[in-house]
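Structure first, commentary second.
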Amino acid sequence: MAGIKQRLESTQETPPAMTSYWLLKTEPSSYSIDDLAAAPEQTTHWDGVRNYQARNMLRDELQEGDRVLLYHSVKNPAIVGTATVVRSGYPDPSAWDKRSKYYDAKSDPENPRWYMVDVRLDEKFEQPLTLAELREMKKLQEMELLRKGSRLSVQPVRKAEWTAILAKAKAP
DNA sequence: GCCAACGTTGGC
DNA sequence: GCCAACGTTGGC
């Protein structure tokens, strides 16, 4: 056994450090960027996601070091800042906490159904980039967030979209 | 508050 | 496996 493990380790190549970009939605009435700014080490468990497509991305795709746009939905919808993934997907224990509003009787520690990541705040924009402003940006024509009926609370973001959004946030 | 767009549930 | 009913999200 040990021999096999060692062989695997010695032949394994370190994958190139590839940063991916994501957008995480939150309703500021339940958790806002200011809550994140006030959190210890400005870090939080991004828990409570209860949609399978979003779950799959949290579990399988978001990697440590990936960058994140933070989006406030519903009230004054806008991108409000950026964060970094500091821990990739792992089981979301709020699913088996009966006191949690995210409790799900069908999830249990033996067979976790829901996942979360940890994120740390990088920057709160001085001026939020409103949904209306985003819709006016030519480079975001195909952005998932702007698609009609788009509801996913975890979305991939293209690098070009990330760049355009950051540039716009710096020079509004 | 309205309602369109999705996702989930459950009867058959 | 289909699909109607229901629940949720989220912009406006």
Side-chain angles (χ1 to χ4, degrees), chain A residues 20-39 44-62 66-85 88-119 121-158 160-169 172:
Chain A
S20 297
Y21 302 90
W22 308 93
L23 179 143
L24 297 178
K25 272 188 201 176
T26 179
E27 282 193 44
S29 59
S30 90
Y31 194 88
S32 73
I33 192 169
D34 291 325
D35 294 322
L36 180 56
T44 192
H45 312 303
W46 203 264
D47 63 1
V49 172
R50 295 292 179 268
N51 169 285
Y52 288 103
Q53 248 184 292
R55 185 280 308 269
N56 292 347
M57 285 189 273
L58 289 179
R59 187 189 58 191
D60 305 333
E61 297 190 46
L62 275 75
D66 283 358
R67 306 295 307 282
V68 167
L69 297 168
L70 296 171
Y71 178 76
H72 282 177
S73 67
V74 180
K75 193 188 165 204
N76 304 324
I79 294 175
V80 291
T82 61
T84 294
V85 177
S88 60
Y90 63 107
D92 175 355
S94 69
W96 49 78
D97 175 2
K98 283 194 176 158
R99 293 161 304 170
S100 169
K101 62 175 171 173
Y102 302 123
Y103 176 69
D104 178 357
K106 292 174 184 165
S107 182
D108 72 86
E110 298 302 309
N111 188 17
R113 172 178 294 207
W114 304 113
Y115 283 71
M116 62 185 187
V117 298
D118 291 356
V119 300
L121 179 68
D122 287 324
E123 173 184 27
K124 178 184 171 182
F125 293 161
E126 285 184 33
Q127 286 279 113
L129 260 181
T130 67
L131 186 58
E133 291 174 302
L134 295 169
R135 287 197 193 285
E136 286 172 6
M137 292 172 62
K138 285 250 161 53
K139 289 177 180 168
L140 305 186
Q141 295 297 323
E142 298 185 33
M143 192 176 180
E144 169 68 22
L145 179 72
L146 305 182
R147 281 189 34 223
K148 190 181 171 110
S150 165
R151 300 197 321 185
L152 269 187
S153 62
V154 179
Q155 303 179 356
V157 170
R158 296 174 185 87
E161 294 165 348
W162 170 274
T163 305
I165 286 163
L166 268 281
K168 178 82 171 173

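First the proteins, then the strands, lettered A, B, ... as listed; each starts at 1.
- Looking at residues two or more places apart in sequence or on another chain, you find no salt bridge (charged side-chain N to carboxylate O under 4.0 Å, His left out) involving A:K25.
- Of the residues in residues 70-80 of chain A, those placing a heavy atom less than 4.0 Å from an atom of DNA chain C are A:Y71, A:S73, A:V74, A:P77, in numerical order.
- Every residue two or more places apart in sequence or in another chain was checked for a side chain to side chain contact (heavy atoms under 4.5 Å, CB included) with A:N76, and none qualifies.
- The salt bridge (charged side-chain N to carboxylate O under 4.0 Å, His left out) search around A:R135 returns none, not counting sequence neighbours.
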Are any protein N/O atoms closer than 3.5 Å to N/O atoms in nucleotides 8-10 of chain B? If there are, list each pair with its distance.
none

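- Every residue two or more places apart in sequence or in another chain that forms a side chain to side chain contact (heavy atoms under 4.5 Å, CB included) with A:Q53 is listed here: A:N51, A:L152.
- Within residues 143-151 of chain A, the residues having any heavy atom under 4.0 Å from DNA chain B are, by residue number, A:K148, A:G149, A:R151.
- Shown here are the side chain to side chain contact (heavy atoms under 4.5 Å, CB included) partners of A:R50, two or more places apart in sequence or in another chain: A:D92, A:S94, A:A95, A:Y102, A:W114.
- For A:E61, there are no side-chain hydrogen bond (donor to acceptor under 3.5 Å, both in side chains) partners at least two apart in sequence or on another chain.
- By the ring pair (Phe, Tyr, Trp, His ring centres under 6.0 Å) test, A:W96 is found to be paired with no residue, residues two or more places apart in sequence or in another chain being considered.
- Surrounding CD of A:Q141 are more than 12 heavy atoms belonging to other residues, nucleotides or ligands, all under 6.0 Å away.
- Residues that satisfy the side chain to side chain contact (heavy atoms under 4.5 Å, CB included) test with A:R151, not counting sequence neighbours, are absent from this structure.
- Among pairs with a residue in residues 66-81 of chain A, those fulfilling salt bridge (charged side-chain N to carboxylate O under 4.0 Å, His left out) read A:R67-A:D122, at least two apart in sequence or across chains.
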